[in-house]
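The structure appears below as structure tokens.
Counting begins at 1 with the first residue of the sequence.
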Amino acid sequence: MPPFPSSLLNPRLSFSLKPLFLFTQSSIAPQQFPVPRQLISAKPRNFSSVASVQTSATDNGGSSSGGGGRSGALSPPPVAEEFQRIDVNPPKGTRDFPPEDMRLRNWLFNHFREVSRLFGFEEVDYPVLESEALFIRKAGEEIRDQLYCFEDRGNRRVALRPELTPSLARLVIQKGKSLSLPLKWFAVGQCWRYERMTRGRRREHYQWNMDILGVPEVTAEAELISSIVTFFKRIGISESDVGFKVSSRKVLQEVLRCYSVPENLFGKVCIVIDKIEKIPIDEIKRELKATGLSEEAIEELLQVLSIKSLTKLEEILGGAGEAIADLKQLFSLAEKFGYSEWIQFDASVVRGLAYYTGIVFEGFDREGKLRAICGGGRYDRLLSTFGGDDIPACGFGFGDAVIVELLKEKGLLPELGLEVDNIVCALDYDLQGVAATVATKLRGKGQSVDLVLESKPLKWVFKRAARANAERLILVGNTEWQKGMVGVKILSSGEQYEIKLDELE
């Protein structure tokens with residue numbers, strides 16, 4: 001049957017009949033009829049079947065039989081909702097990694113992993129989603145207010161991990177006595193924190209952690225700092241670009257002990273002190289007073305925290321305390337490891353997490369343009385906060401965002417283009433199967449191959465090869481293939497030759 005002429009249909013009638021008639025007849029080609037916007041009801045009536053449409057038509061004075069009904073008696077079907085255009089940007093504080101950014105990320109992570117390998121560490125990982133209780137330790141920690149947390153469908157409180165160390169502690173407790181100490185583990189994982197964004201600070205980032213468990217001596221901290229220095233040197237960063245501020249939580253403990261400050265206030269005081277370079281000193285004093293410290297203790301504490309010389313600290317605290325002994329040993333080991341010019345004493349460094357117990361350190365850029373590049377220290381009593389037996393431990397976290405900003409600042413970002421060994425292209429459609437065979441043979445030998453999957457002019461193929469920084473262009477043409485050969489062009493030199501497929505390496 002010939003298509004019903006659209007010119008004979010009233011626009012409203014064509015709109016109503018289209019879903020019932022024009023698109024249900026297999027012999028009639030589907031046609032699109034323009035529907036005037038003003039004829040589309042803002043609140044169309046919803047029908048569950050054709051019968052309900054017919055009933056409605058009768059109720060409105062129309063006929064449910066084939067003749068006698070007015071053309072406008074049928075109500076239009078529901079108007080499908082239009083898809084809303086989504087925001088194509090990633091959520092605020094997060095990132096996409098298109099190929100060029102992924103190449104940089106892989107380059108950075110490869111250095112993380114290679115340095116860890118050089119120091120004899122084993123790689124581990126943990127779930128991105130953890131129990132919320134794992135990260136809620138002591139009131140006042142900034143991290144508590146930065147959690148991405150929610151209740152899952154099993155009514156469990158969970159959170160996206162904001163750091164990796166608590167997950168490490170959980171796994172160590174889980175493994176128990178099956179682990180052989182000391183442990184030297186590293187991880188590169190994504191972390192999430194809902195925090196104010198600044199340069200080098202996002203709401204998601206990747207973090208490189210190295211941790212040593214089972215070694216109580218300062219040699220563990222010395223080796224960790226050495227591994228970071230090794231990483232910096234590998235990517236072109238020197239001691240004139242970056243340094244390490246080093247101190248010990250035990251310095252604070254000794255000062256607070258002089259003023260009979262209860263042990264349970266120590267963590268709160270450390271959290272406040274960690275803000276010294278972030279908020280005004282009057283605010284620091286106000287927060288310290290709120291923890292229960294006397295004004296005399298606050299003034300003495302701030303005086304000690306301003307010290308930048310280990311010798312001067314020893315004059316105030318004396319040389320008998322653990323803090324001085326640990327720091328002296330660390331600086332001595334730094335000379336042996338060969339990075340003494342990278343580190344300096346700074347009593348104000350305490351780190352903001354409550355679990356640190358001894359030596360603490362931060363990597364910083366010497367121009368002062370960026371936030372801390374990395375940081376870590378000793379956390380001998382972390383496991384007991386989760387119900388486990390404490391093990392001497394220390395480690396560091398090193399984010400991926402600040403170091404990239406530093407590399408940009410120093411002009412040290414590497415140029416990382418796409419690189420493949422071979423471009424393989426069939427010059428004739430009938431030879432595409434042969435080109436696939438060539439590609440498979442080369443891939444089997446461990447060579448990377450970009451196979452041209454459709455018919456393209458040679459000009460396009462050469463541009464593709466240049467963009468991919470390919471070493472060779474392998475062309476499969478009729479003339480060559482009749483002899484069992486393919487054409488090879490070395491793109492760096494322009495050399496061209498033919499070679500049998502069996503001899504192609």
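- With E204 as the fixed residue, the salt bridge (Lys or Arg N to Asp or Glu O under 4.0 Å) test singles out one of R161, K92, R193, R95: R95.
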Intermediate values then yes/no, side chain to side chain contact (heavy atoms under 4.5 Å, CB included), V438 and V476
CA-CA 9 Å; V438 174; V476 183; 4.3 Å; yes
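- Pairing each heavy atom of V246 with each of I359, the nearest pair is CG1-CG2, 4.4 Å.
- Panel note: side chain D380, backbone A393; a donor-acceptor pair is recorded below 3.5 Å.
- Screening residues 208-221 for salt bridge (Lys or Arg N to Asp or Glu O under 4.0 Å), with sequence neighbours left out, gives E221-R378.
- One N or O on the side chain of S309 and one on the backbone of K312 form a donor-acceptor pair closer than 3.5 Å.
- Checked options F121, F119, Y206, W208; the residue passing with F112 is W208 (criterion: ring-ring contact (aromatic ring centres under 6.0 Å, His included)).
- Closest non-hydrogen pair, R472 versus L491, comes out as C-CD1, 4.2 Å.
- Here the CG-CD1 distance, from L313 to I307, works out to 5.0 Å after rounding to the nearest 0.5 Å.
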Audit row: K328, E314, salt bridge (charged side-chain N to carboxylate O under 4.0 Å, His left out) steps and yes/no
CA-CA 10 Å; K328 278 187 170 182; E314 188 174 3; 3.0 Å; yes
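- Residues that satisfy the side-chain contact (heavy atoms from CB on, under 4.5 Å) test with S131, not counting sequence neighbours, are A133.
- Atom-to-atom distance recorded for D125:CG and Q190:CD is 10.5 Å, nearest 0.5 angstrom.
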Give the C-alpha distance, both sets of side-chain angles, the deciding distance and a yes or no for side chain to side chain contact (heavy atoms under 4.5 Å, CB included) between L179 and W185.
CA-CA 12 Å; L179 294 173; W185 285 359; 4.0 Å; yes
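- Across D241 and G236, no two heavy atoms sit closer than the pair OD2-O, 4.2 Å.
- Rounded to the nearest 0.5 Å, atoms OG (S247) and CG (L252) are 7.0 Å apart.
- In this structure, D152 places its CG atom where more than 12 heavy-atom neighbours from other residues, nucleotides or ligands lie under 6.0 Å away.
- Relative ring orientation between H111 and F231 is described as perpendicular, the plane-to-plane angle rising above 60° on a 0-90° scale split at 30° and 60°.
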List the atom pairs, with distances to 0.1 Å, where a side-chain N or O of residues 329-344 and a protein N or O form a donor-acceptor pair under 3.5 Å, not counting sequence neighbours.
{"from": "Y339", "atom 1": "OH", "to": "A222", "atom 2": "O", "distance (Å)": "2.7"}
{"from": "Q344", "atom 1": "OE1", "to": "R366", "atom 2": "NH1", "distance (Å)": "3.4"}

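- The cationic atom of R381 (NZ for Lys, CZ for Arg) does not lie both less than 6.0 Å from the six-membered ring centre of Y355 and within 45° of the ring axis.
- Shown here is K456, whose NZ atom has more than 12 heavy atoms of other residues, nucleotides or ligands within 6.0 Å.
- A cation-pi geometry, defined here as NZ or CZ lying under 6.0 Å from the six-membered ring centre and within 45° of its normal, holds between K245 and F364.
- Cation-pi geometry between K463 and W460 is not met at under 6.0 angstrom from the ring centre and within 45 degrees of the axis.
- L164 contributes atom CG, which lies 4.5 Å from atom CG of N209 (distance to the nearest 0.5 angstrom).
- One N or O on the side chain of D346 and one on the backbone of S348 form a donor-acceptor pair closer than 3.5 Å.
- S384 OG to I391 CD1: the interatomic distance, rounded to the nearest 0.5 Å, is 11.0 Å.
- Between the side chain of S448 and the main chain of D421, a donor-acceptor pair closer than 3.5 Å is present.
- By the 4.5 Å heavy-atom criterion applied to side chains, V242 and V229 are not counted as neighbours.
- Between C374 and I228, the closest side-chain pair of non-hydrogen atoms falls below 4.5 Å.
- The shortest non-hydrogen separation linking C425 to V452 is CB-CG2, 3.9 Å.
- Checked against a 6.0 Å centroid threshold, the rings of Y148 and F135 do not count as neighbours.
- Between E287 and K275 there is a salt bridge, since at least one side-chain N of the basic residue sits less than 4.0 Å from a carboxylate O of the acidic one.
- Judged purely by distance below 3.5 Å, without hydrogens or angles, the side chains of T94 and W192 never pair a donor atom with an acceptor atom.
- Taking the ring axis of Y356 as reference, the NZ or CZ atom of R249 does not stay both within 45° of it and closer than 6.0 Å to the ring centre.
- Between the side chain of N106 and the backbone N or O of N110 there is no donor-acceptor pair closer than 3.5 Å.
- A donor-acceptor pair under 3.5 Å is absent between the side-chain atoms of N422 and the main chain of V449, judged by distance alone.
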Could you check L168 against Y126 for side chain to side chain contact (heavy atoms under 4.5 Å, CB included), going step by step and ending with a plain yes or no?
CA-CA 8 Å; L168 165 73; Y126 326 96; 3.4 Å; yes
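- Inter-residue side-chain proximity for R170 and P127 is flagged as met; some heavy-atom pair is nearer than 4.5 Å.
- Here the closest non-hydrogen pair linking I173 and F386 is CD1-CB, 3.7 Å.
- In summary, R105 and D400 do not engage in a salt bridge, as defined by a charged side-chain N under 4.0 Å from a carboxylate O.
- In this structure, D326 pairs ionically with K250, as a charged nitrogen and a carboxylate oxygen lie closer than 4.0 Å.
- Closest approach of L183 and S180 over heavy atoms only: CD2-O, 3.5 Å.
- Ionic pairing of E114 and R117 is present here: one or more N-O contacts between side-chain nitrogen and carboxylate oxygen are shorter than 4.0 angstrom.
- With respect to the salt-bridge test (charged N to carboxylate O, under 4.0 angstrom), the residues E505 and K445 qualify.
- Listed for the E409 side chain is no donor-acceptor partner under 3.5 Å among the backbone atoms of L370.
- Residues K289 and R286 fail the side-chain proximity criterion, which asks for heavy atoms closer than 4.5 Å.
- Contact check on E122 versus K184 returns no salt bridge, with no Lys/Arg side-chain nitrogen under 4.0 Å from an Asp/Glu carboxylate oxygen.
- To the nearest 0.5 Å, atom CG of residue D96 and atom CG of residue N89 are 8.5 Å apart.
- At least one side-chain heavy atom of L407 sits under 4.5 Å from a side-chain heavy atom of I235.
- For the pair E295 and K285, the salt-bridge criterion is not met [side-chain N within less than 4.0 Å of a carboxylate O].
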Between R371 and V402, is a side chain to side chain contact (heavy atoms under 4.5 Å, CB included) present by the stated rule, with each step listed?
CA-CA 7 Å; R371 61 188 294 254; V402 179; 3.8 Å; yes
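- Residues S116 and E123 have side chains that never bring a donor and an acceptor to within less than 3.5 angstrom of each other.
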